[in-house]
Amino acid sequence: MAAVANMPVSDLLKSFKLKTKQQELLIRVSILCLVYILAFITRLFSVLRYESMIHEFDPYFNYRTTLYLTQNGFYDFWNWFDYESWYPLGRIVGGTLYPGLMVTAALIYRILHFLRFAVHIREVCVLTAPFFASNTTLVAYFFGKEIWDTGAGLVAAILIAVCPGYISRSVAGSYDNEGVAIFALLFTFYLFVKAVNTGSLAWSLASAFGYFYMVSAWGGYVFIINLIPLYVLVLLITGRYSMRLYVAYNCMYVLGMLLAMQIRFVGFQHVQSGEHMAAMGVFFLMQVFYFLDWVKHMLSDTKLFQAFLRITVTCAVTVGTIALGLGMLSGYISPWTGRFYSLLDPTYAKDHIPIIASVSEHQPTAWSSFMFDFHILLFLFPAGLYFCFKRLSDATIFIVMYGLTSMYFAGVMVRLILVATPAVCLISAIAVSATVKNLTVLLRSKNKGVQTGSTKGSGSSKASSKALLDQSQPFQKNGAIALLFGAFYLLSKYATHCTWVTSEAYSSPSIVLAARGAHGSRVIFDDYREAYFWLRQNTPPDAKVMSWWDYGYQITAMGNRTVIVDNNTWNNTHIATVGRAMSSYEDEAIEIMRSLDVDYVLVVFGGVTGYSSDDINKFLWMVRIGGGVFPVIKEPDYLVNGEYRVDKGAAPKMLNCLMYKLCYYRFGEMLTEYGKPPGYDRARGVEIGNKDIKLEHLEEAFTTSNWIVRIYKVKPPNNRW
Amino acid sequence: MGNFFIPSLISFFLLLSKAESESESELIADLFALQSESKSGVIHLDDRAVARFLTSPKTPRPYSLLIFFDAVQLRNKPDLRLRQLSQEFALVASSFIANHNSTNPKLFFCDIEFRESQSSFSLFGVVSLPSIYLVGRTTKSLKDDSERMVQGDFTRFTDSLVDFIESRTKLTVGPIHHPPIISRAQTGIILGFLLIWSPFAAKKMLSGETMLHNPRIWLSGAIFIYFFSVSGTMHTVIRKMPMFLMDREDPERLIFFYRGTGMQLGLEGFAAGFLYTIVGLLLAFVTHLLVYVKDPKAQRVAMLFSIFVSFWAVRQVIFLDNWKTGYAIHGFWPSSWN
């Protein structure tokens, strides 16, 4: 009777005839399944709220290429020369992109069709990122298990499933390289750590393939090829060289490098560019270490060995330096690219490369963004670091290094918070898991008096809990219960925060804009698509559209028209030409536009709706980028006392340049807000300075319902007789 | 006053008579001599020199002068950046001279100091600093005809000065020769030192005796990097943000916190970074160090203290973040309770 009365859950499970280990496995697997589903569905806000569509700018290019890939097959895709962008230059698409994402999506599409699920390729593209986010949680679990224990792995999986830093780049519809790349990144790291821990060739081979997938998916692979050598170097310096490390690194480096060369966009960079030289240097250093070990083994006399050591190291360092110097001087090894250089010397980009500095996600991070993207993980991170240092192993050293380097880069560029997210989740998971484990050990050791050490957790805290138990039994347990509840409460707050951030900040497609109406209702502005579909329906198929580069991908993908420049900013001069046209007077601009065969000009204007990321607000960057190549364009000409204005006090050049005219054409007649004069710009909150705009060489062709996109037609030259 | 006036008058007449007799080639030769005397190639002008080279020769002069107006007593004012600008001016000057060693296009870089040559300042009508004037060959009236560099161009000074020169004089300046951070000899010494030192370092490293084998040092480095990143120091460095701002309406008050996303002040970031770091460190402290304390009372006090501090720090961060960004980040309790 008594047994039935207090039959707890574990007994219930026992009635299924499960052993304790099996029970644990069952719970673990079900948690993982739930996390897997959670990671997927938390990213579906945008699909539910808007519709199943591709977001932002770059994903439209990816979508267009994926479509091409599924329609024409892999070889056509690989050899594709795109005439519709960068007119008149064109673009060799196959050689200038990372194909991983497209190939993955096309593969999923093929598999689904093989299984007789007749889905459209767009749905596959929209849901690729959430699907890979789910896979990332699994990798995080295994990674956490590898560096700490299963508990930490589970917590890491849960944390990363909802962490806003990752969600920001992997919501449904954000069909971008990062979506699969973070999975590939973490997977490669996991496999490498596994290889270092086991010293097995199989794992290092796997990590080489993981690296190959990463290289095929995202330019951020440079982070891997620099972090892993750095890690190996630290291990060497701290005297942790081992045969396992030798096997893991050499196999991964050599095979990974050979595989990476198969990607056309990367090519021979692994042996030629300065960004990859660290890996090669460490590779040779490993051989030196191995060689020294061997000599030491052969030579019995220590003194002889010391002398030998001195000579070899000096020679090796000298030869290495000379080789690097010669390579650099002869131009065989290229110096670092701008983007990479701006990570190391962060002030570089601001002064030298406006096209990098102009992108909002390349801005340095303020402290509030960290809070927004990490929430309590930020507080747990130092604790996790401490725990890692208390239990140093090859694996924890890796995660610490990954965490710190990526944290530094996250401070340099906002978008790199994404790379730091897995590390932050893993390290925080260690803190959470270790703390919770200690607390539960306290709780469960009831009535035993002296606790027997069963956890692998930090030895000192175990000893302490034992000591504490002896001294103050009653408070101890209550305290532990209270702290446990506190921990769960904080974690639940984290979940609330993440869900809220996802729904509020990261789920807007930015191609369809939403705003709150006067009565709190949701107003949808679908002007972009309206404009692109108008282009598709009403212009000749070979029409060339000039716009600022932000909209290039969208125009080619949705409007199906040729553009002058697009988001693949490979040719600075071409972009600067467009910037120059936009910032010149109309009669100068028409010369440039004629030389580029432009038929239509498209501008984005937020003065009616109050949409702030429009072309007028981006205009100073057009001036800067244009002025970087054509010195006739000077930024001070558009400013008044260093201030950027569009009202009556604006600079005369500003009031008459093409961009101003195209944005504000006929705007002077319009009443935008009650109680304000006509021509009141709601995005900047001023009355415009030039209300009487006459166009000479262009005519208005189409303006969308909320005036967000305005399209102008370039008139043919006047009849001369 | 009179004492001062008479000698200067005399010297002026002397100069005037002398100037008439001076031929163009002599003037140019003198300018080149002055240029080679100065270290950077910037000729220091005073009132007499201005009279000799600018006011007395007939136009068109055989040379043009680019003049930087300087004031020693204003050099300490940080918002004028006179010291930095004069250095960059000298840099452009020396690069220009080096690039035109053989051709000599007869453009000379000069500077004038306010205290010793006030009349030249009034001659040009300079009322504000920094000011740069180009006196071309045909310039007659220094006040009206000489070309002034626009005030807005002083932000990226070196580049815009080059632009200014190139656009007004039709001369090319050529590459700017920035002085290397470490000289060639120093590089050699450092390289040699590294070469000698590396075998010893390698030996120590192999035997495992260096500081690098001490995890505590690594730990403090790690915590520092964390603190450095999350406090947005890179933001401060890249954007060159000041540590704090002066209140425009009330100069006594200092502003430490900037409201608005995407911007932050230096000290604000450090404060937030400190709050971030302290919570995690307290957790580590409680679980790993406090347990060694024998006295249970002290343990409890420390425990309560750290709980309180952590609570306060998290609350503070959330409060600050909500205030700064306008986003209502969730704190300890539902936001409706606030």
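Every chain is numbered from 1, with letters handed out A, B, ... down the list of sequences. The structure presented is a predicted model; accordingly, all values stated were derived computationally and were not measured.
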How are the rings of A/F379 and B/Y276 set to each other: parallel, tilted or perpendicular (split at 30° and 60°)? perpendicular
Just verifying a value: how many Å separate A/S368 OG and B/E268 CD, rounded to the nearest 0.5 Å? 7.5 Å
Is A/L378 in contact with chain B via its backbone, its side chain, both, or neither, using a 4.5 Å heavy-atom distance? both
A/I397, A/V234, A/V400 screened by side-chain contact (heavy atoms from CB on, under 4.5 Å) with B/W218, the one that passes: A/V234
To the nearest 0.5 Å, how far apart are CZ in A/F381 and CD1 in B/I223? 8.5 Å
On a heavy-atom basis, the closest approach of A/F389 and B/A222 is CE1-CB, 3.8 Å
Toward chain B, the part of A/F374 with a non-hydrogen atom under 4.5 Å: neither
From A/L490 atom CG to B/S310 atom OG, the distance as rounded to the nearest 0.5 Å: 10.0 Å
Name the region of A/L483, side chain, backbone, both or neither, that has any atom closer than 4.5 Å to a heavy atom of chain B. side chain
Can you check whether B/V230 reaches A/M407 side chain to side chain, under 4.5 Å on heavy atoms? yes
Nearest heavy-atom neighbours spanning B/G280 and A/A383: O-CB, 3.3 Å
B/F228 versus chain A, heavy atoms under 4.5 Å apart: side chain, backbone, both or neither? side chain
Below 4.5 Å from any heavy atom of chain B, which atoms of A/S428 appear? Answer side chain, backbone, both or neither. neither
Heavy-atom distances under 4.5 Å only: say whether A/L404 touches chain B with side chain, backbone, both or neither. both
Taken to the nearest 0.5 Å, the spacing of A/K390 NZ from B/L289 CG works out to 6.5 Å
Using a 4.5 angstrom heavy-atom cutoff, name the option from B/T236, B/D321, B/L283 with the most pairs to chain A. B/D321
Measure across A/T365 and B/H235 and return the closest heavy-atom pair with its distance rounded to 0.1 Å. O-CB, 3.4 Å
Within the 4.5 Å heavy-atom criterion, are B/S229 and A/Y408 side-chain neighbours or not? yes
Working to the nearest 0.5 Å, report the span between CE of B/M234 and CE of A/M413. 10.5 Å
